[in-house]
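All heavy atoms count here, side chains included; hydrogens, waters and symmetry mates do not.
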Amino acid sequence: MRLTWTGLLLAALGSSVGCESRSGSRPNEILVLLVGGPSTGTYTTNSPAVECTRGTAGIDRWRSHFIDGAAANRLAGLQLVVPDAGGRAATTHAFYFGLRLGHFPSDARYEIETRHNAIRSSGAGTVRVEERGGVRTFTLDGSVGDSIHIAATIRCRWITRGSVPGA
(Lines give C-alpha, C1' and ligand atoms only; values in the text may rest on other atoms or scores of the structure.)
Protein backbone atom coordinates (compact mmCIF):
# COMPACT_ATOMS: atom_id res chain seq x y z
CA MET A 1 0.00 0.00 0.00
CA ARG A 2 2.82 2.43 0.76
CA LEU A 3 4.41 1.87 -2.64
CA THR A 4 1.10 2.76 -4.23
CA TRP A 5 0.95 6.05 -2.31
CA THR A 6 4.52 6.90 -3.22
CA GLY A 7 3.76 6.09 -6.85
CA LEU A 8 0.70 8.36 -6.75
CA LEU A 9 2.75 11.20 -5.29
CA LEU A 10 5.48 10.90 -7.90
CA ALA A 11 2.93 10.64 -10.72
CA ALA A 12 1.08 13.72 -9.48
CA LEU A 13 4.28 15.76 -9.21
CA GLY A 14 5.45 14.62 -12.62
CA SER A 15 2.20 15.70 -14.23
CA SER A 16 1.76 18.98 -12.37
CA VAL A 17 2.13 22.22 -14.23
CA GLY A 18 3.94 24.66 -11.99
CA CYS A 19 4.56 28.35 -12.08
CA GLU A 20 7.93 29.41 -13.40
CA SER A 21 10.50 31.21 -11.30
CA ARG A 22 12.01 34.46 -12.53
CA SER A 23 15.00 32.61 -13.92
CA GLY A 24 12.69 30.54 -16.15
CA SER A 25 13.31 27.28 -14.27
CA ARG A 26 10.64 25.43 -12.31
CA PRO A 27 10.66 26.12 -8.55
CA ASN A 28 10.98 23.55 -5.78
CA GLU A 29 7.81 21.51 -5.19
CA ILE A 30 5.94 19.93 -2.28
CA LEU A 31 3.15 17.37 -2.46
CA VAL A 32 1.58 15.96 0.72
CA LEU A 33 -1.06 13.25 0.97
CA LEU A 34 -2.63 13.00 4.43
CA VAL A 35 -5.02 10.15 5.22
CA GLY A 36 -6.96 9.98 8.49
CA GLY A 37 -8.37 12.67 10.71
CA PRO A 38 -10.20 15.88 9.83
CA SER A 39 -7.44 17.17 7.50
CA THR A 40 -7.49 14.21 5.08
CA GLY A 41 -6.54 15.44 1.63
CA THR A 42 -3.84 16.35 -0.85
CA TYR A 43 -1.81 19.53 -0.36
CA THR A 44 0.59 20.96 -2.95
CA THR A 45 2.75 23.95 -3.63
CA ASN A 46 5.38 24.74 -6.21
CA SER A 47 6.38 28.14 -4.94
CA PRO A 48 9.73 29.92 -4.96
CA ALA A 49 9.13 30.12 -1.17
CA VAL A 50 9.97 26.39 -0.86
CA GLU A 51 13.55 26.44 0.42
CA CYS A 52 15.95 23.52 0.16
CA THR A 53 19.28 23.79 1.96
CA ARG A 54 22.27 21.68 2.87
CA GLY A 55 24.63 22.60 5.69
CA THR A 56 22.55 25.47 7.10
CA ALA A 57 20.89 23.31 9.80
CA GLY A 58 24.16 21.63 10.83
CA ILE A 59 26.94 19.74 9.14
CA ASP A 60 25.62 17.20 6.64
CA ARG A 61 21.98 18.09 7.24
CA TRP A 62 19.42 18.54 4.49
CA ARG A 63 16.52 20.86 5.20
CA SER A 64 13.41 21.87 3.32
CA HIS A 65 11.27 24.68 4.67
CA PHE A 66 8.06 26.37 3.54
CA ILE A 67 5.74 28.91 5.21
CA ASP A 68 2.61 30.55 3.78
CA GLY A 69 0.98 32.89 6.30
CA ALA A 70 -2.13 33.36 4.14
CA ALA A 71 -2.92 29.66 3.83
CA ALA A 72 -6.55 29.04 4.75
CA ASN A 73 -7.49 25.35 4.51
CA ARG A 74 -4.27 24.51 2.72
CA LEU A 75 -0.56 23.88 3.25
CA ALA A 76 0.66 26.58 5.63
CA GLY A 77 4.04 25.22 6.63
CA LEU A 78 6.37 22.29 6.22
CA GLN A 79 9.79 21.52 7.59
CA LEU A 80 11.90 18.44 6.87
CA VAL A 81 15.34 17.92 8.41
CA VAL A 82 17.31 14.86 7.29
CA PRO A 83 20.84 13.89 8.28
CA ASP A 84 22.94 13.42 5.15
CA ALA A 85 21.90 9.99 3.96
CA GLY A 86 24.99 9.70 1.77
CA GLY A 87 25.20 8.75 -1.87
CA ARG A 88 22.71 9.54 -4.59
CA ALA A 89 19.99 7.22 -3.25
CA ALA A 90 19.46 6.23 0.37
CA THR A 91 16.71 5.63 2.91
CA THR A 92 16.77 6.77 6.52
CA HIS A 93 14.54 6.32 9.57
CA ALA A 94 16.12 9.34 11.33
CA PHE A 95 14.47 12.67 10.44
CA TYR A 96 12.17 15.48 11.60
CA PHE A 97 9.00 16.33 9.70
CA GLY A 98 6.59 19.11 10.72
CA LEU A 99 3.41 19.96 8.82
CA ARG A 100 0.93 22.83 9.36
CA LEU A 101 -2.40 23.13 7.57
CA GLY A 102 -4.57 26.27 7.76
CA HIS A 103 -4.36 29.50 9.79
CA PHE A 104 -2.75 29.87 13.23
CA PRO A 105 -4.02 29.37 15.96
CA SER A 106 -6.65 26.91 14.67
CA ASP A 107 -4.21 25.23 12.28
CA ALA A 108 -3.77 21.45 12.23
CA ARG A 109 -0.25 20.34 13.13
CA TYR A 110 1.45 17.00 12.54
CA GLU A 111 4.97 16.02 13.61
CA ILE A 112 7.22 13.04 13.09
CA GLU A 113 10.45 13.17 15.10
CA THR A 114 12.69 10.11 14.83
CA ARG A 115 16.20 11.58 15.11
CA HIS A 116 18.45 9.85 17.63
CA ASN A 117 19.18 13.06 19.57
CA ALA A 118 15.50 14.08 19.84
CA ILE A 119 14.23 15.22 23.23
CA ARG A 120 10.82 13.70 22.45
CA SER A 121 10.19 11.16 19.70
CA SER A 122 6.86 11.02 17.88
CA GLY A 123 5.49 9.12 14.93
CA ALA A 124 7.40 6.76 12.67
CA GLY A 125 8.45 6.49 9.06
CA THR A 126 11.17 6.64 6.45
CA VAL A 127 12.58 9.24 4.11
CA ARG A 128 14.04 8.17 0.78
CA VAL A 129 16.58 10.60 -0.69
CA GLU A 130 17.39 10.43 -4.40
CA GLU A 131 19.24 12.64 -6.83
CA ARG A 132 18.70 12.53 -10.58
CA GLY A 133 19.55 15.14 -13.14
CA GLY A 134 20.47 17.71 -10.50
CA VAL A 135 17.11 17.36 -8.70
CA ARG A 136 17.19 16.11 -5.09
CA THR A 137 13.93 14.32 -4.18
CA PHE A 138 12.82 13.51 -0.63
CA THR A 139 10.01 10.96 -0.35
CA LEU A 140 8.50 10.54 3.10
CA ASP A 141 6.24 7.71 4.17
CA GLY A 142 5.17 8.08 7.79
CA SER A 143 2.50 7.89 10.43
CA VAL A 144 1.35 9.91 13.40
CA GLY A 145 -0.41 7.76 15.99
CA ASP A 146 -2.44 4.80 14.83
CA SER A 147 -4.81 6.53 12.44
CA ILE A 148 -2.96 9.21 10.46
CA HIS A 149 -0.74 8.38 7.50
CA ILE A 150 1.41 10.99 5.73
CA ALA A 151 3.09 10.58 2.37
CA ALA A 152 5.09 13.55 1.08
CA THR A 153 7.39 14.29 -1.81
CA ILE A 154 9.67 17.33 -1.95
CA ARG A 155 11.56 18.06 -5.16
CA CYS A 156 14.51 20.39 -4.75
CA ARG A 157 15.73 21.93 -8.01
CA TRP A 158 17.44 24.84 -6.25
CA ILE A 159 19.61 24.05 -3.23
CA THR A 160 21.28 26.65 -1.01
CA ARG A 161 24.47 25.34 0.52
CA GLY A 162 25.61 26.60 3.90
CA SER A 163 29.07 27.75 4.84
CA VAL A 164 29.45 24.98 7.43
CA PRO A 165 32.48 22.82 6.56
CA GLY A 166 31.38 19.69 4.76
CA ALA A 167 28.23 21.28 3.35
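Arg136 CZ to Arg155 CZ: the interatomic distance, rounded to the nearest 0.5 Å, is 14.5 Å. With rounding to the nearest 0.5 angstrom, the CZ atom of Arg132 is 7.5 Å from the OG1 atom of Thr137.
Between the side chain of Arg109 and the main chain of Arg100, no donor-acceptor pair closer than 3.5 Å is present. With hydrogens and angles disregarded, a donor-acceptor distance shorter than 3.5 Å links the side chain of Asn28 to the backbone of Val50.
Between Trp158 and Cys52, the closest side-chain pair of non-hydrogen atoms is not below 4.5 Å. Using a 4.5 Å cut-off on side-chain heavy atoms (C-beta onward), Ile148 and Val35 make no contact.
Here Glu111 pairs with Tyr96, Arg120, Ser122 under the side chain to side chain contact (heavy atoms under 4.5 Å, CB included) rule; sequence neighbours left out. For Thr114, the side chain to side chain contact (heavy atoms under 4.5 Å, CB included) criterion is met by Phe95, Ile112, not counting sequence neighbours.
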For this session: Report the C-alpha distance between Phe138 and Thr153 in whole Å, list the side-chain angles of each, state the deciding distance to 0.1 Å, and finish with yes or no for side-chain contact (heavy atoms from CB on, under 4.5 Å).
Result: CA-CA 6 Å; Phe138 298 89; Thr153 299; over 6 Å; no
For this session: Show your reasoning for whether side-chain contact (heavy atoms from CB on, under 4.5 Å) applies to Leu78 and Tyr43.
Result: CA-CA 11 Å; Leu78 180 142; Tyr43 302 88; over 6 Å; no
Exercise. Should Val127 and Thr139 be marked as a side-chain contact (heavy atoms from CB on, under 4.5 Å) after you check the CA-CA gap, both sets of side-chain angles, and the distance that decides it?
Worked result: CA-CA 5 Å; Val127 172; Thr139 306; over 6 Å; no
Exercise. Is there a side-chain contact (heavy atoms from CB on, under 4.5 Å) between Leu140 and Ile150 once you walk through the steps?
Worked result: CA-CA 8 Å; Leu140 175 132; Ile150 300 172; 3.9 Å; yes
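Among Thr44, Leu75, Asn46, the single residue meeting the side-chain contact (heavy atoms from CB on, under 4.5 Å) criterion with Ile30 is Leu75. Partner of Val32 under the side-chain contact (heavy atoms from CB on, under 4.5 Å) criterion, chosen from Thr42, Ile154, Leu99: Leu99.
Summarising the geometry of Ser39 relative to Ala108, their closest heavy-atom pair is OG-CB, 3.4 Å, with the distance given to 0.1 Å.
Tracing side-chain contacts under 4.5 Å through hydrophobic residues (I, L, V, M, F, W, Y), one never reaches Val129 starting from Val135; they form parts of separate clusters.
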